[in-house]
Amino acid sequence: RYAGSLNDPSRMVTAFAGVVGNPSGDNDIVVRGNSPRGILWRLEGIEIPNPNHFADEGSTGGAINALNSAMLSNSDFFSGAFPAEYGNAIAGAFDLKMRNGNNQKHEFSGQLGFLGTELMAEGPINKEKGSSYLATFRYSTLQLFSALNINVGTDAVPSYYDGAFRFNFPLKKGGNLAFWGIGGDSQIDIVLSDAEGPSEETLIYGSNDRDQYFSTNMGILGATYTQPLNKNTFV
């Protein structure tokens with residue numbers, strides 16, 4: 001929610017020393033001049049693929065982040081001196097955590113913004129045991145405008161959607177079990193063959209000599225289990 005971050009964790013970390021964004025407009029993370037391909041993404045302690053929409057193959061960034069900030073809790077960003085657990089990191093490591101849903105009452109929210117129209121629900125599964133659920137879904141606002149025949153400034157409208165969930169179950173003796181997942185899909189079609197000729201609106205995103213179809217998708221399912229053994233040890 002910081003100014004200029006666009007609710008995007010990737011753009012948020014550009015406030016750190018030695019970290020800059022990609023001038024092309026993508027949310028690639030450049031740490032001290034290193035390639036953004038050296039960034040390691042982790043969620044709930046698990047290494048994950050690129051969590052961004054419209055991402056190039058092998059990259060770690062994209063035009064829009066598929067991680068909804070309303071789902072996130074705390075995070076750690078390392079720009080150097082990585083602990084041993086981040087063995088695949090070269091340029092930087094971004095380790096994120098998901099928050100638990102409200103375990104006392106059900107809550108629902110909706111938001112309409114330039115980057116997406118989203119719905120979120122959270123609440124208790126069992127109040128006595130403290131278990132909870134949290135789920136969110138986001139869809140391209142520009143695609144909704146296009147469906148309503150509202151001119152969004154280009155004939156090639158980017159379409160994307162993403163969703164995430166977390167079910168949290170506290171266990172006896174301080175243990176905890178959580179099931180979670182995120183997923184997203186994005187595509188943009190720049191079709192020139194159906195038109196008499198390319199228009200300036202169509203060419204905002206692509207070349208003028210071919211039809212272009214670009215799509216990306218990603219999905220992650222995970223489970224996290226923790227159990228303390230004593231005051232100083234847990235598994």
Side-chain angles (χ1 to χ4, degrees), residues 4-16 18-80 82-83 85-99 114-116 118 136-140 142-143 156 158-166 180-190 205-206 212-224:
S5 68
L6 301 177
N7 286 338
D8 185 342
S10 295
R11 291 181 169 89
M12 184 75 187
V13 298
T14 58
F16 292 133
V19 183
V20 298
N22 188 339
S24 69
D26 285 351
N27 61 5
D28 290 316
I29 302 173
V30 181
V31 182
R32 298 187 307 276
N34 287 296
S35 170
R37 295 177 184 265
I39 297 292
L40 170 68
W41 285 94
R42 298 218 319 181
L43 183 64
E44 294 291 301
I46 299 175
E47 295 184 16
I48 63 173
N50 186 350
N52 290 283
H53 294 298
F54 305 106
D56 290 330
E57 184 177 359
S59 69
T60 60
I64 300 170
N65 202 301
L67 295 170
N68 193 326
S69 61
M71 293 284 297
L72 298 178
S73 176
N74 226 340
S75 64
D76 294 311
F77 180 77
F78 298 91
S79 59
F82 315 115
E85 61 182 303
Y86 304 106
N88 289 329
I90 299 176
F94 209 162
D95 195 355
L96 301 114
K97 302 292 184 182
M98 300 175 76
R99 71 178 181 89
F114 180 75
L115 292 181
E118 62 185 67
T136 182
F137 178 79
R138 181 171 55 178
Y139 192 80
S140 168
L142 295 180
Q143 186 68 18
S159 172
Y160 59 90
Y161 62 86
D162 54 65
F165 71 89
R166 178 180 172 86
W180 52 272
I182 66 171
D185 184 271
S186 58
Q187 67 178 31
I188 183 170
D189 297 337
I190 306 175
Y205 296 108
Q212 296 150 87
Y213 303 91
F214 183 77
S215 64
T216 63
N217 57 75
M218 59 88 69
I220 306 163
L221 292 174
T224 306

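Given the structure is predicted, the values throughout are model-derived calculations rather than measurements.
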Phe94 vs Ile48 side-chain heavy atoms within contact, under 4.5 Å | no
TODO: Could you check if a side-chain atom of Leu40 sits within less than 4.5 angstrom of a side-chain atom of Phe82, using non-hydrogen atoms only?
DONE: no
Here the gap from Arg11 atom CZ to Ile29 atom CD1, rounded to the nearest 0.5 Å, amounts to 10.5 Å
Scanning both residues in full, the closest heavy-atom pair of Ala66 with His53 reads CB-NE2, 3.8 Å
Scanning both residues in full, the closest heavy-atom pair of Arg166 with Arg99 reads CD-O, 3.2 Å
Side chains of Ser186 and Thr216, donor plus acceptor under 3.5 Å:
yes
### Message
Quick check: do Val30 and Pro36 have side-chain heavy atoms less than 4.5 Å from each other?
### Response
yes
Between the OG atom in Ser59 and the CD1 atom in Ile39, the distance rounded to the nearest 0.5 Å is 12.0 Å
Here the pair of heavy atoms bringing Ser159 nearest to Gln143 is CB-OE1, 3.5 Å
Quiz item: Do Ile188 and Tyr160 come within less than 4.5 Å of each other through their side chains, counting heavy atoms only?
Solution: no
Quiz prompt | Side-chain donor/acceptor of Thr136 to backbone N/O of Glu118, under 3.5 Å | solution = no
| task | Indicate whether the side chain of Trp180 and that of Thr224 have a donor and an acceptor atom separated by less than 3.5 Å. | result | yes
Distance col, row Asp28:CG vs Ser10:OG, nearest 0.5 angstrom, shows 8.0 Å
| task | Mark yes or no for whether Asp185, through its side chain, and Tyr161, through its backbone, hold a donor-acceptor pair below 3.5 Å. | result | no
Between Ala164 and Met71 the two heavy atoms that sit nearest each other are CB-CE, 3.7 Å
The reported gap from CD in Glu47 to CG in Asp95 (rounded to nearest 0.5 angstrom) is 10.0 Å
Below 30° counts as parallel, above 60° as perpendicular, anything between as tilted: where do the rings of Tyr86 and Phe78 land? tilted
Rounded to the nearest 0.5 Å, the CG atom of Asn52 sits from the CE atom of Met218 at a distance of 8.0 Å
When every non-hydrogen atom of Pro158 is compared with those of Leu142, the smallest separation belongs to CG-CD1, 3.9 Å
Residues Asn50 and Ala55: closest non-hydrogen pair is ND2-CB, 3.2 Å
Review point. Mind checking whether Ser79 and Phe16 have side chains closer than 4.5 Å, heavy atoms only?
Key: no
Here the gap from Asp26 atom CG to Ile64 atom CD1, rounded to the nearest 0.5 Å, amounts to 10.0 Å
For Ala93, does its backbone N or O pair with a side-chain atom of Arg42 as donor and acceptor, under 3.5 Å? no
Check: Checking Asp162 side chain against Gly183 main chain: does a donor-acceptor pair fall under 3.5 Å?
Finding: no
